[in-house]
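All ligand and atom numbering here is 1-based and tracks the order in the structure. Numbering starts at 1 and runs along the sequence shown. Since this is a predicted model, take the numbers as computed values, not measurements.
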Amino acid sequence: MAANGAEPWRVLVTRNFPEAGMSILREEPNLEVVIPDEPEASDAMPYDKMKAMLSEAPGYDALLCFLTDKIDPPLLDAAGSRLKTISTMSVGFNHMDVDAGKERGLTMGHTPDVLTNTVADFILGMTISTMRRIPAGVKVVKDDVWGKWAPLYMCGRDVHHATVGIMGLGRIGMAVAKRLMGFDCEILYSDAFRMDERAATVGATYVEFDDLLARSDIVIPLCPLTPETTGLFGADAFGKMKETAVLINCSRGEIVNQDALYDALTSGSIWAAGLDVTVPEPLPASDKLVALENCVIVPHMASATVACREDMARIAARNVVAAHRGEKLPHAVPGTTK
Ligand SMILES: O=CC(=O)O
């Protein structure tokens, strides 16, 4: 019991959490933070363990989770009525059943904005790496099979002056488009809504999705994962893309049908792909996509800079603190503000 007599608020943090965020939780009076000990804290908490911990008396008022944690109705039921808020240290919240949380009166927070520029930088990096075959170049040097210079040795494709199709002109889409202006690219976008004024500031032109596929040299999905976008990039979409086109996916793996992508990459229906996200994650090295030279795969690291992850941790912690104080979450999941 705290000095003022109030029961401390119990917060379950499901795995190790940057000190930048931990210190904010620690400084908040009357908060009791529960976090697994190492080595367990170094990995995602298994779903069953999280469910068991949440259901144990005296329960938890807040859950601070990560994109590796599945938050579904059975888990929320196990947590019971003591749970008041969930804060995820990620911008994406497709791992949380937001409707189920709303039905139970929970507030929910995520970490937008602070990763926009970091992720946009990375998307440019993936685009250049894939178009210019940088990983293939690194590999021949490491494997000691650096071929003699020849006019077409290691040739890739230009990013400058390319036509780039961005599917989803949200915060990250805008930041990517802004960077691509510096490469003199023609920028097309498709989205559920037209946003001509906003798009004009980054020189982006609205086109229908099929048009975007047919005209783009580089296709970048930057839409959230929803039932409508699951498998959006399948055989049909690849069939509409140019044979010289490149797909860069740094959003969610489920947006791409990986079997269809493999077929498109091996049949020459598209030229290459760069993936920061896959299904599953981690993707085993035995996966057929890993063996393809024209598929650049990295381990979900677009927001992985120390500064960005620390900022995300601070926001995730501040969302918990706001809920504890009975304030509006500074970064509520859209549509969840009470
Ligand atoms: O993928 C990363 C995030 O959602 O933060």
Would you mind checking if [Y] and [X] are paired as a salt bridge, meaning a charged N to carboxylate O distance below 4.0 Å?
X	Y	answer
Asp311	Arg314	yes
Arg26	Glu19	yes
Glu40	Lys49	yes

Practice problem: For the pair His110 and Phe93, name the ring-plane relationship: parallel under 30°, tilted 30 to 60°, perpendicular over 60°. | Solution: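 The rings of His110 and Phe93 stand perpendicular, inter-plane angle above 60°.
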Quiz item: For ligand 1, what are the residues with a heavy-atom contact below 4.0 Å?
Solution: Leu67, Ser90, Val91, Gly92, Leu115, Arg252, His300, Met312
Quiz item: Judged by modelled atom types alone, do Ser303 and Thr118 share a side-chain donor-acceptor pair under 3.5 Å?
Solution: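 Their side chains do not contain a donor-acceptor pair, so the 3.5 Å distance test is not met.
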Quiz item: Tell me the side chain to side chain donor-acceptor pair (under 3.5 Å) pairs involving residues 268-282, sequence neighbours left out?
Solution: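 For residues 268-282, and leaving out neighbouring residues, the side chain to side chain donor-acceptor pair (under 3.5 Å) pairs sorted by first residue read Glu281-His300.
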